[in-house]
Amino acid sequence: MVQIKRICCIGAGYVGGPTCSVIAQMCPEITVTVVDVNEDRIKAWNSDSLPIFEPGLQEVVESCRSVNLFFSTDVDDAIKEADLVFISVNTPTKTFGIGKGRAADLKYIEACARRIADVSNGCKIVVEKSTVPVRAAESIRRIFNANTRSSLNFQVLSNPEFLAEGTAISDLKNPDRVLIGGDETPEGQRAIEALRSIYEHWVPKTKIITTNTWSSELSKLAANAFLAQRISSINSISALCEVTGADVEEVAHAIGTDRRIGSNFLKASVGFGGSCFQKDVLNLVYLCEALNLPEVARYWQQVIEINDYQRRRFSSRIIGCLFNTVTDKKIALLGFAFKKNTGDTRESSSIYISKYLMDEGARLHVYDPKVKKEQIIQDLSHPTISEDDPDRVSRLVTISTDPYEACENAHAIVICTEWDMFKELDYERICKAMLKPAFIFDGRRILDSLYDKLQNMGFQVETIGKRISQKIPFTVNNDIAKVDLQAPPTKKSKS
């Protein structure tokens with residue numbers, strides 16, 4: 001069996017950094033080098049302030065950094081010395097050309113493959129870690145075959161990562177399964193065994209699944225699509241609950257006790273976000289269309305449509321409750337990360353809710369305990385969010401460093417991320433400092449146990465998937481709300 005003594009990981013992001021840090025900690029006899037062309041990112045990995053926030057990650061990195069874990073910008077040297085190379089680079093959705101908005105852009109994967117082929121010698125195992133479309137490994141293999149030399153031999157494996165941000169270290173150390181896909185040739189099987197031997201340092205053999213390459217690649221897309229589907233399913237039920245008087249939390253509990261269904265991913269909210277769910281579902285849609293399976297493509301496209309609908313619906317509800325106008329009204333947005341325990345904002349529902357409220361002229365005061373100001377400004381200044389008015393972020397958005405400051409003199413509080421700290425805020429203090437009537441829109445259902453207390457303080461409480469009887473009655477213009485649901489709120493004309 002091939003003995004792995006040195007590992008190189010290309011890409012020091014949310015997958016490569018944590019994954020290889022855990023491998024280094026669990027396999028002290030293996031030297032692990034994580035490389036990236038981004039010098040600032042590598043400097044951060046070598047500092048006390050890591051470039052990403054993940055519970056437990058700091059301790060893992062500090063336990064083996066400069067011992068058998070290294071972070072470097074010397075990509076070529078790391079590739080040359082490695083027995084095994086992980087490719088953990090970004091695979092964003094294409095923004096132009098064929099497949100725009102759905103297909104994965106594999107330019108970084110291709111660049112890695114060409115660089116590996118150019119600087120390598122001897123035998124190397126190259127492993128896809130990035131989420132890639134089916135048959136991406138074949139593209140990598142064709143590049144290797146076209147650039148091969150007598151001194152070179154490559155084996156390409158698929159080893160998709162199933163970690164969830166916020167629980168990445170726990171997921172890596174106690175995975176539900178490790179999936180390895182490779183060729184069914186003797187050489188391919190030896191490469192699979194070499195990678196398996198690394199994981200067997202801490203993962204039970206029964207949890208390591210081996211398949212062919214294509215099954216491994218499709219399994220990653222299918223897993224994320226199924227999880228996203230469950231979220232969209234319960235969010236669709238939340239809309240029904242709000243008009244019938246049912247409570248989506250009670251419905252989710254009732255159906256989740258069925259062992260055939262289970263309770264995971266049945267939490268209604270403002271919609272899913274993150275780097276994988278939307279990208280992978282859209283990738284699956286494009287794959288089905290390209291393979292002439294239009295009915296299957298439409299089925300999975302609806303998962304995305306419901307997610308978009310949930311965001312628009314929640315935004316329209318905010319506008320409707322605030323007497324059908326939020327123009328020049330201060331709204332405190334609590335939470336900007338796509339979920340708690342991470343600083344990642346990719347495809348966060350907070351971005352889209354902010355967009356819809358800015359479209360209506362609202363003044364947003366944003367607070368998040370882990371997301372940096374620069375990241376929030378960058379996300380809201382993106383052309384698809386700022387429309388044709390890039391200066392509106394500077395006019396309408398203020399980044400707060402304190403939640404109480406964000407809520408002072410606000411018309412409404414909008415909870416977009418389920419940070420635990422938001423359950424512990426002094427809402428009596430907040431209510432006294434807000435304009436009346438003071439509204440709370442709980443987009444994550446984290447204040448359920450406090451609704452009665454909040455109402456007694458004087459708050460008007462609105463939430464996802466439940467119709468709350470208000471202590472102080474008010475009227476929402478249903479006609480306006482219905483119009484808003486058909487499309488994103490219209491842009492305000494420039495004065």
query = Which pair of heavy atoms, one from Val22 and one from Trp202, lies closest together, and at what distance?
reply =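 That would be CG1-CZ2, 4.2 Å.
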
**Study point:** Nearest non-hydrogen partners of Val34 and Cys20, listed with the distance
**Key:**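 Looking at all heavy atoms of both residues, the shortest contact is CG2-CB, 3.7 Å.
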
In Å, rounded to the nearest 0.5 Å, how long is the span from [atom1] of [X] to [atom2] of [Y]?
| X | Y | atom1 | atom2 | answer |
| --- | --- | --- | --- | --- |
| Glu81 | Ser120 | CD | OG | 12.0 Å |
| Asp379 | Lys355 | CG | NZ | 14.0 Å |
| Asp368 | Thr345 | CG | OG1 | 9.0 Å |
| Tyr367 | Met421 | OH | CE | 3.5 Å |

Strictly distance-based, threshold 3.5 Å: is any side-chain N or O of [X] a donor or acceptor partner for the main-chain N or O of [Y]?
| X | Y | answer |
| --- | --- | --- |
| Arg65 | Trp45 | yes |
| Lys43 | Ser47 | no |
| Thr185 | Gly188 | yes |
| Ser394 | Asp391 | yes |
| Asp36 | Ile42 | no |
| Thr342 | Gly166 | no |
| Lys207 | Pro175 | yes |
| Thr19 | Gly16 | no |

Exactly one of Thr91, Asn90, Thr93 clears side-chain hydrogen bond (donor to acceptor under 3.5 Å, both in side chains) with Lys279, and that residue is Thr91

If you measure from the Lys or Arg side-chain nitrogens to the Asp or Glu carboxylate oxygens, is any gap between [X] and [Y] under 4.0 Å?
| X | Y | value |
| --- | --- | --- |
| Lys220 | Glu128 | no |
| Glu110 | Arg114 | yes |
| Arg190 | Glu193 | no |
| Asp359 | Arg392 | yes |
| Glu418 | Lys340 | no |
| Asp420 | Lys423 | yes |

Is it the case that over 12 heavy atoms from other parts of the model lie below 6.0 angstrom from the [atom1] atom of [X]?
| X | atom1 | value |
| --- | --- | --- |
| Asp48 | CG | no |
| His201 | NE2 | yes |
| Tyr108 | OH | no |
| Glu29 | CD | yes |

Regarding [X] and [Y], is there a side-chain donor-to-acceptor distance under 3.5 Å anywhere?
| X | Y | answer |
| --- | --- | --- |
| Arg313 | Ser238 | yes |
| Asn212 | Ser215 | yes |
| Tyr299 | Gln229 | yes |
| Gln25 | Ser63 | yes |
| Lys80 | Asn121 | no |
| Gln301 | Arg298 | no |

Open item on the list: Counting the benzene-type ring for Trp, do Phe226 and Trp300 have ring centres under 6.0 Å apart?
Closed with: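 Yes.
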
**Prompt:** Should the pair Arg311 and Tyr356 be classed as cation-pi, given the thresholds of under 6.0 Å to the six-membered ring centre and 45° from the axis?
**Reply:**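 Output no; distance or angle outside limits.
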
**OP:** Look at the rings of Phe265 and Phe277 and say which category their plane angle falls in: under 30° parallel, 30 to 60° tilted, over 60° perpendicular.
**Re:**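 Phe265 and Phe277: tilted rings.
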
Q) With under 30° as parallel and over 60° as perpendicular, where do the rings of Phe314 and Phe441 fit, or are they tilted in between? A)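 Ring orientation of Phe314 relative to Phe441: perpendicular.
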
